[in-house]
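What follows is a short report on a single structure.
Heavy atoms only: backbone and side chains are in, while hydrogens, waters and symmetry mates are out. Chain A is the first sequence line, chain B the second, and so forth, proteins listed ahead of strands; every chain is numbered from 1.
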Amino acid sequence: MKNTFFANSFEQDVYNLVRAIPEGRVTSYGAIANALGAAGASRRVGWVLNKSFGAVPSVPAHRVVNRVGMLTGAGHFPPGREMAAQLRSEGVVIENNAVVDFETRFWNPMTDL
DNA sequence: CATCTGACCTAGT
DNA sequence: AACTAGGCCAGAT
């Protein structure tokens with residue numbers, strides 16, 4: 001389905017979609033890109049999220065992981081806002097830099113949005 | 001201006 | 001089923 005937001009810019013779309021992720025849920029870069037109609041541009045999503053730290057309101061980028069559920073971007077998170085820490089605060093169990101029961105915690109933008 | 005790398009994903013072996 | 005290789009878009013060197 002098409003986003004109810006507006007496609008003013010790719011980064012804006014990514015921001016809105018990531019902000020729409022419910023607490024305690026996670027999604028993947030590919031799902032976001034696909035939901036935005038930019039299938040295959042999953043790398044771009046990651047790059048957009050990289051600069052999303054300075055954006056306001058804060059973008060819960062910690063809820064975005066790769067397809068396997070690994071916190072690949074944990075090392076790029078600023079100090080005090082580590083991925084695993086925030087996810088744990090939301091009730092998500094992290095084991096070895098990966099989300100436990102990722103498929104259960106997975107949130108599909110197109111389906112649930 | 002050409003090349004490489006990177007918060008990835010899909011497909012082939 | 002696990003591993004390797006290729007493809008994708010954008011920024012950095």
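- The residues A:Glu90 and A:Arg25 are annotated as not salt-bridged, no charged nitrogen and carboxylate oxygen being separated by less than 4.0 angstrom.
- Where DNA chain C meets chain A (any atom under 4.0 Å from a heavy atom), the bounding nucleotides read 5' to 3' are C:dG7 to C:dG11.
- Residues of residues 86-107 of chain A that place a heavy atom closer than 4.0 Å to DNA chain C do not occur.
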Report the C-alpha distance between A:Val99 and A:Val92 in whole Å, list the side-chain angles of each, state the deciding distance to 0.1 Å, and finish with yes or no for side-chain contact (heavy atoms from CB on, under 4.5 Å).
CA-CA 7 Å; A:Val99 179; A:Val92 181; 3.7 Å; yes
Does A:Phe10 form a side-chain contact (heavy atoms from CB on, under 4.5 Å) with A:Val45? I'd like the steps, not just the answer.
CA-CA 9 Å; A:Phe10 194 81; A:Val45 178; 4.2 Å; yes
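- In this structure a side-chain-to-backbone donor-acceptor pair under 3.5 Å is present from A:Asn16 to A:Gln12.
- Within residues 43-71 of chain A, the residues that have a heavy atom under 4.0 Å from DNA chain C are, in order of number, A:Arg43, A:Arg44, A:Trp47.
- Distance check, rounded to the nearest 0.5 Å: CZ of A:Phe77 to CG of A:Leu49 gives 8.0 Å.
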Using the rule given for side-chain contact (heavy atoms from CB on, under 4.5 Å), can you reason through A:Val26 versus A:Val64, listing the C-alpha separation, both sets of side-chain angles and the distance that settles it, and then say yes or no?
CA-CA 6 Å; A:Val26 290; A:Val64 184; over 6 Å; no
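- A distance-only check finds a donor-acceptor pair linking the side chain of A:Asn97 to the backbone of A:Leu71 [under 3.5 Å].
- At least one donor-acceptor pair closer than 3.5 Å links the side chain of A:Arg19 to the backbone N or O of A:Pro57.
- Atom CG in A:Asn66 sits 4.5 Å away from atom OG1 in A:Thr72 (nearest 0.5 Å).
- Side-chain atoms of A:Asn108 come within 3.5 Å of backbone atoms of A:Met110 as a donor-acceptor pair (strictly under, hydrogens ignored).
- Rounded to whole Å, the C1' atom of B:dA7 lies 22 Å from the corresponding atom of C:dC3.
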